[in-house]
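Below: the structure, in structure tokens.
Numbers restart at 1 for each chain; the letters A, B, ... are given by sequence-line order, proteins then strands.
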There are 2 protein chains.
Amino acid sequence: MERTNIEYQGVSMEKKIEKVLEEKEEGSGACALHEFLNHFGDKWSMLIVLHLGHAGKLRFNELKKRIQLISQRMLTVTLRSLEMDGLVSRKVYAEIPPRVEYQLTPLGKSLLELMTVFGEWANQHADEIMEARKQFQKRQKAKK
Amino acid sequence: MERTNIEYQGVSMEKKIEKVLEEKEEGSGACALHEFLNHFGDKWSMLIVLHLGHAGKLRFNELKKRIQLISQRMLTVTLRSLEMDGLVSRKVYAEIPPRVEYQLTPLGKSLLELMTVFGEWANQHADEIMEARKQFQKRQKAKK
DNA sequence: CGGTATCCTTGGAGATACTG
DNA sequence: CAGTATCTCCAAGGATACCG
């Protein structure tokens with residue numbers, strides 16, 4: 001038995017992994033996680049979710065100010081895709097000048113919670129990863 | 001007070017989000033989560049972690065067989081990057097023909113657990129997202 | 001077997017200009 | 001203000017051929 005066998009919340013890791021790896025369509029290689037990453041794993045989606053989660057409700061240009069490096073185009077594109085997936089709601093006020101407000105839907109908020117779990121992992125293990133990289137560099141140099 | 005204010009494990013969502021958004025270097029816009037996605041958010045990293053987690057230990061070509069669509073090049077490249085970050089260990093046996101075995105490090109296993117949490121979210125909310133997309137399509141057609 | 005090295009294609013994303 | 005519409009460019013990644 002060389003396999004991982006951690007018990008977690010009553011269900012074996014084994015089963016959980018199998019569930020995640022399960023393919024939607026035969027031969028597609030597309031498991032749930034893969035799908036997931038295709039939609040939210042891009043450069044900006046998560047940042048938008050975090051900022052909306054933090055502020056609660058933001059207008060287009062407010063969001064743009066907070067995510068300094070994002071281009072107007074990518075903000076629009078990413079917001080549309082998040083809206084499409086039901087994570088973000090978009091409310092247009094028929095005023096002049098126009099006003100548009102974005103906020104997380106309940107689904108978006110549930111993703112937000114998940115993201116913070118991830119963020120914590122990243123924070124906790126950042127040092128470990130940095131150290132691993134250093135070691136790797138060393139070993140590479142040693143070979144030459 | 002229009003901000004989200006969910007309590008979770010004793011710490012307010014507020015604080016957690018702030019922590020995740022915290023920038024490493026001033027003005028870089030690079031928070032921990034962003035860093036994280038840059039390294040593991042690509043097309044193949046997570047799949048490799050899942051498969052290694054499931055099998056425990058795999059040789060190069062075994063891994064390639066399981067992830068059908070991956071090219072040899074990308075398998076090599078991704079494995080190197082995972083090795084660099086200390087998530088995967090690589091063991092070379094000085095035999096002929098050569099044998100190389102990959103498996104998760106403890107750090108890799110901790111990431112694996114996190115991934116399954118994500119996978120579960122994806123599975124649980126897949127329907128909801130599909131439905132949201134349909135609704136969005138409808139609304140778009142209605143406009144035209 | 002387990003890779004490198006090289007070439008080539010594609011689509012993700014920035015810059016810029018225009019609009020309801 | 002909050003977007004579209006183009007043009008453009010670069011690098012992620014596939015195909016192929018070779019190597020220890």
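Residue Tyr102(B) has a polar side-chain atom (N or O) positioned under 4.0 Å from OP1 or OP2 of dG3(C). Put simply, Arg59(B) has a side-chain N or O that comes within less than 4.0 Å of OP1 or OP2 on dG2(C).
Here Tyr93(A) lies out of heavy-atom contact (under 4.0 Å) with every strand.
The CG atom of Leu63(A) sits 6.0 Å away from the CD1 atom of Ile48(A) when rounded to the nearest 0.5 Å. Atom CD1 of Ile67(B) and atom CG of Leu75(B) lie 6.5 Å apart (nearest 0.5 Å). Of the inter-residue distances, the one linking Lys43(B) atom NZ with Met74(B) atom CE reads 8.5 Å to the nearest 0.5 angstrom. To the nearest 0.5 Å, atom OG of residue Ser89(A) and atom CG of residue Leu52(A) are 9.0 Å apart. Interatomic distance, CG of Leu107(B) versus NE2 of His125(A), reported as 6.0 Å (0.5 Å rounding). Summarising the geometry, atom CD belonging to Glu62(B) is positioned 12.0 Å from atom OH belonging to Tyr102(B); distances are rounded to the nearest 0.5 Å.
Atom-to-atom, CZ of Arg99(A) to C1' of dG20(C) comes out at 18 Å; the value is rounded to the nearest Å. Rounded to an integer number of Å, the gap from CZ of Arg90(B) to P of dG2(C) is 10 Å. For the pair Glu62(A) CD and dG3(D) P, the computed distance is 12 Å after rounding to whole Å. Rounded to whole angstrom, the span from the CG atom of Leu79(B) across to the C1' atom of dG13(D) amounts to 15 Å. If you measure from atom NZ of Lys91(B) to atom C1' of dC1(C), you get 18 Å, rounded to the nearest angstrom. Regarding Leu58(B), its CG atom lies at a distance of 13 Å from the P atom of dG3(C), rounded to whole Å. Protein atom CD of Glu101(A) is 15 Å distant from nucleotide atom P of dC1(D), rounded to whole Å. Atom CG in Asn38(B) sits about 14 Å away from atom C1' in dA11(D), given to the nearest Å.
At a threshold of 4.0 Å, the pair Lys16(B)-Glu120(A) counts as salt-bridged, since one of the basic side-chain nitrogens sits closer than that to a carboxylate oxygen.
The two residues Val49(B) and Leu112(B) have their closest heavy-atom pair at O-CD1, 3.9 Å.
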Please list, for nucleotides 17-20 of chain D, all pairs of protein and nucleotide N/O atoms separated by less than 3.5 Å.
none

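With dA2(D), dC1(C), dT4(D) as the candidates, the nucleotide lying closest to the side chain of Asn61(B) is dC1(C).
Residues satisfying the ring-ring contact (aromatic ring centres under 6.0 Å, His included) test with Phe60(B), not counting sequence neighbours, are none. For Asp85(A), the side-chain contact (heavy atoms from CB on, under 4.5 Å) partners at least two apart in sequence or on another chain are His39(A), Phe40(A), Leu87(A), Ile129(B), Arg133(B). Here Gln135(A) pairs with Glu131(A) under the side chain to side chain donor-acceptor pair (under 3.5 Å) rule; sequence neighbours left out.
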Along nucleotides 9-15 of chain C, 5' to 3', which nucleotides get a B, which get an S, and which get a -, given that the test is a protein heavy-atom distance under 4.0 Å? ----BBB
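Atom NZ of Lys64(A) has more than 12 neighbouring heavy atoms from other residues, nucleotides or ligands inside a 6.0 Å radius.
Across the helix from dC1(C)-dG20(D) to dG20(C)-dC1(D), the helix axis at one end is tilted relative to the axis at the other end by 50° (nearest 10 degrees, each axis from five pairs).
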